[in-house]
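Below, chains carry the letters A, B, ... as their sequence lines are ordered, and counting in each starts from 1.
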2 protein chains.
Amino acid sequence: MKPFHEYKNPSLAIDLVVFGYHDNTLSVLLLNRKEEPFKDCWTLPGGFLQMEETFLDTCYRILQTKLGMKEVFLEQLYSFDAVDRDPRGRVIAVGYYALINPAKFSVVAGSMANDVKWFNVRKMPVLGFDHKHIFKQALQRLRSKIQYDPVGFELLDELFTITELHELYECILQTTIDRRNFRRKILDAAYVINTGLKREGLKNRHPELYKFNKQLKKNSFQINVPNET
Amino acid sequence: MKPFHEYKNPSLAIDLVVFGYHDNTLSVLLLNRKEEPFKDCWTLPGGFLQMEETFLDTCYRILQTKLGMKEVFLEQLYSFDAVDRDPRGRVIAVGYYALINPAKFSVVAGSMANDVKWFNVRKMPVLGFDHKHIFKQALQRLRSKIQYDPVGFELLDELFTITELHELYECILQTTIDRRNFRRKILDAAYVINTGLKREGLKNRHPELYKFNKQLKKNSFQINVPNET
DNA sequence: TTTACTTCACGTTAAATTGACGCAAACAAT
DNA sequence: ATTGTTTGCGTCAATTTAACGTGAAGTAAA
């Protein structure tokens with residue numbers, strides 16, 4: 001048997017699916033690559049794991065240097081192993097997804113990219129590598145997760161109305177949910193806390209502002225959709 | 001920027017949590033290591049990814065050479081990245097779990113192990129590396145998965161009775177489930193198909209034998225447990 | 001200040017599902 | 001035949017869900 005470090009190892013990359021929600025639209029952040037492979041092609045932001053880094057270290061390094069973000073919700077998605085997924089050689093990718101509030105960050109293209117842009121998840125361009133596959137899996141994960149785990153607030157402002165939360169759910173799950181039943185479920189589960197404040201300056205009745213209940217745990221509610229896949 | 005393959009890469013290992021069900025007991029297969037590190041310690045079966053292998057290739061190589069198994073249910077669990085998880089150096093582990101019917105395989109210790117043994121999931125020994133952590137996560141995944149995805153049959157014989165399936169659920173979920181309500185749910189969801197045959201040679205009424213309904217998809221049923229965590 | 005229009009907050013009701021049991025037929029052993 | 005146990009089917013009250021009604025709160029226009 002050879003000594004431990006003489007074996008050849010694949011490279012290990014992290015690829016990020018960064019979700020943002022704004023104007024009733026769920027979007028994903030993509031980079032336009034400056035270099036080969038997939039030069040001038042849209043791809044997920046990513047980077048190689050350094051020897052002393054944990055996955056989250058790498059995630060934050062990418063988020064910070066390429067996008068100027070920190071302190072965001074991150075969750076590991078899946079690891080992708082197709083032998084030919086990177087033309088440069090064997091690269092394993094660990095997918096993570098992030099939920100952010102675009103209002104809190106202004107994204108800037110780093111030195112590695114021509115451009116950084118938000119794309120509506122329903123109007124995605126062709127993606128390089130196997131990133132279409134990673135993206136699809138992330139979207140599916142977000143959809144199933146939001147039904148039983150209160151992560152919706154990660155995409156909203158600190159204070160939000162129940163109608164805003166309701167629209168977020170309809171947007172992500174791509175379905176209609178009865179407004180009144182939704183409200184009752186959310187309130188019964190104590191998903192949110194009424195702040196007593198109201199959103200001012202709207203043309204109609206001023207709705208109450210809520211904040212997320214940090215005590216709330218997974219599986220204390222269940223938003224049903226007719227045909228989950 | 002250095003050429004692509006001059007960067008140092010972590011090693012990439014696959015670790016397997018192999019579940020088997022027999023005599024109303026859920027067990028996991030462990031190896032007793034012959035070599036350092038963790039010599040004479042129990043660990044999950046695992047191995048390093050070779051450059052041309054996919055994860056599943058590696059899984060089957062481990063299953064076949066160390067345990068003499070093939071064609072089993074396998075699913076990716078999670079990837080583990082703690083910097084100090086392996087004393088030999090930086091090793092990323094991709095966890096997979098397998099569901100097998102122990103009746104179909106006789107496990108044999110390969111050249112790498114002193115011993116291979118099934119351990120009741122409730123009576124686990126101390127494990128080497130971070131394998132306790134991987135095991136716990138696998139058990140949790142199995143528990144939540146079996147509630148909405150029909151994977152139970154992977155652990156049973158081709159033909160089984162509803163009582164056997166019921167006992168499997170109670171064993172895995174560590175709870176009591178009303179026999180009659182369970183039967184109704186399973187049948188209403190068309191989880192199983194009645195073969196018309198009966199299990200003979202029992203001391204009481206001979207129950208009907210069912211087989212798994214391969215048309216059945218995820219989320220067509222839901223077994224509830226009082227306090228999932 | 002009325003009127004019109006929209007959203008918000010809170011109810012109501014029937015249908016569906018769940019949870020907790022009852023019971024008789026099937027079988028082996030006595 | 002009698003006994004003891006498991007199996008398969010059924011009942012029913014309690015809970016949850018889905019579908020929808022309505023009046024108050026607010027803005028804008030008459």
Side-chain angles (χ1 to χ4, degrees), chain A residues 23-24 146-148 156-157 159-171 173-211 213 219-228, chain B residues 23-24 146-148 156-157 159-171 173-211 213 219-228:
Chain A
D23 279 340
N24 227 315
I146 204 174
Q147 291 176 262
Y148 60 87
L156 298 173
D157 291 338
L159 300 183
F160 50 87
T161 68
I162 293 196
T163 299
E164 285 160 11
L165 188 63
H166 176 239
E167 284 171 347
L168 171 66
Y169 270 81
E170 288 196 332
C171 175
L173 297 174
Q174 282 297 300
T175 182
T176 58
I177 302 169
D178 184 274
R179 190 168 36 91
R180 294 147 291 188
N181 294 337
F182 178 83
R183 165 185 295 274
R184 186 181 26 178
K185 247 183 193 172
I186 291 299
L187 291 177
D188 286 356
Y191 192 134
V192 291
I193 297 168
N194 194 330
T195 62
L197 304 171
K198 299 195 178 217
R199 166 104 51 223
E200 307 289 344
L202 298 182
K203 33 180 183 292
N204 294 93
R205 181 174 179 174
H206 297 173
E208 291 171 326
L209 284 167
Y210 291 80
K211 62 180 177 182
N213 174 8
N219 288 44
S220 40
F221 68 102
Q222 170 74 41
I223 303 295
N224 299 310
V225 301
N227 207 359
E228 195 206 343
Chain B
D23 279 340
N24 228 314
I146 205 173
Q147 290 175 261
Y148 60 87
L156 298 173
D157 292 338
L159 300 182
F160 51 86
T161 69
I162 293 195
T163 299
E164 285 160 10
L165 188 63
H166 176 240
E167 284 171 347
L168 171 67
Y169 271 79
E170 288 196 332
C171 175
L173 297 173
Q174 282 298 301
T175 184
T176 57
I177 302 169
D178 184 273
R179 186 171 40 92
R180 293 146 292 189
N181 293 337
F182 179 83
R183 165 184 296 275
R184 185 183 37 188
K185 250 185 191 170
I186 291 299
L187 291 177
D188 286 357
Y191 190 134
V192 292
I193 297 169
N194 194 329
T195 62
L197 304 171
K198 299 193 176 219
R199 167 117 32 234
E200 307 289 344
L202 299 181
K203 32 182 185 291
N204 293 94
R205 181 174 180 174
H206 296 173
E208 292 171 325
L209 285 167
Y210 290 79
K211 61 181 179 182
N213 175 7
N219 288 42
S220 41
F221 69 102
Q222 170 74 41
I223 303 293
N224 300 310
V225 301
N227 207 0
E228 195 205 344

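Contacts of residues 175-185 of chain B with DNA chain C (heavy atom under 4.0 Å): Asp178(B), Arg180(B), Asn181(B), Arg184(B), Lys185(B). Against DNA chain D, the stretch residues 160-167 of chain B makes heavy-atom approaches under 4.0 Å through Thr163(B). At a non-hydrogen distance threshold of 4.0 Å, Asn204(B), Arg205(B) from residues 198-205 of chain B come into contact with DNA chain D.
Residues passing the side-chain contact (heavy atoms from CB on, under 4.5 Å) test with Asp23(B): none are found, sequence neighbours excluded. Partners of Arg180(A) under the salt bridge (charged side-chain N to carboxylate O under 4.0 Å, His left out) rule, at least two apart in sequence or in another chain, are Asp178(A). Annotation: side-chain contact (heavy atoms from CB on, under 4.5 Å) contacts of Ser220(A) (sequence neighbours excluded): Leu216(A).
Gln222(B) places its CD atom 12 Å from the P atom of dT17(D), with the value rounded to the nearest Å. As rounded to whole Å, 12 Å separates atom C1' of dA25(C) from atom CD of Glu208(B).
Atom CG of Leu209(B) sits about 10.5 Å away from atom CD1 of Ile162(B), to the nearest 0.5 Å. Glu164(A) CD to Leu159(A) CG: the interatomic distance, rounded to the nearest 0.5 Å, is 9.5 Å. Atom-to-atom distance recorded for Ile186(A):CD1 and Asn213(A):CG is 11.5 Å, nearest 0.5 angstrom.
For the ring pair (Phe, Tyr, Trp, His ring centres under 6.0 Å) test with His166(B), the passing option among Tyr191(B), Tyr210(B), Phe182(B) is Phe182(B); the others fail.
By the 4.5 Å heavy-atom criterion applied to side chains, Asp188(A) and Lys185(A) are not counted as neighbours. Within the 4.5 Å cutoff, the side chain of Ile223(B) has no heavy atoms near those of the Ile146(B) side chain. Looking only at side-chain heavy atoms (C-beta outward), Gln147(A) and Asn224(A) stay at 4.5 Å or farther from each other.
With DNA chain C read from its 5' end, the first of the two nearest nucleotides for Asn224(B) and Leu187(A) is the one closest to Leu187(A).
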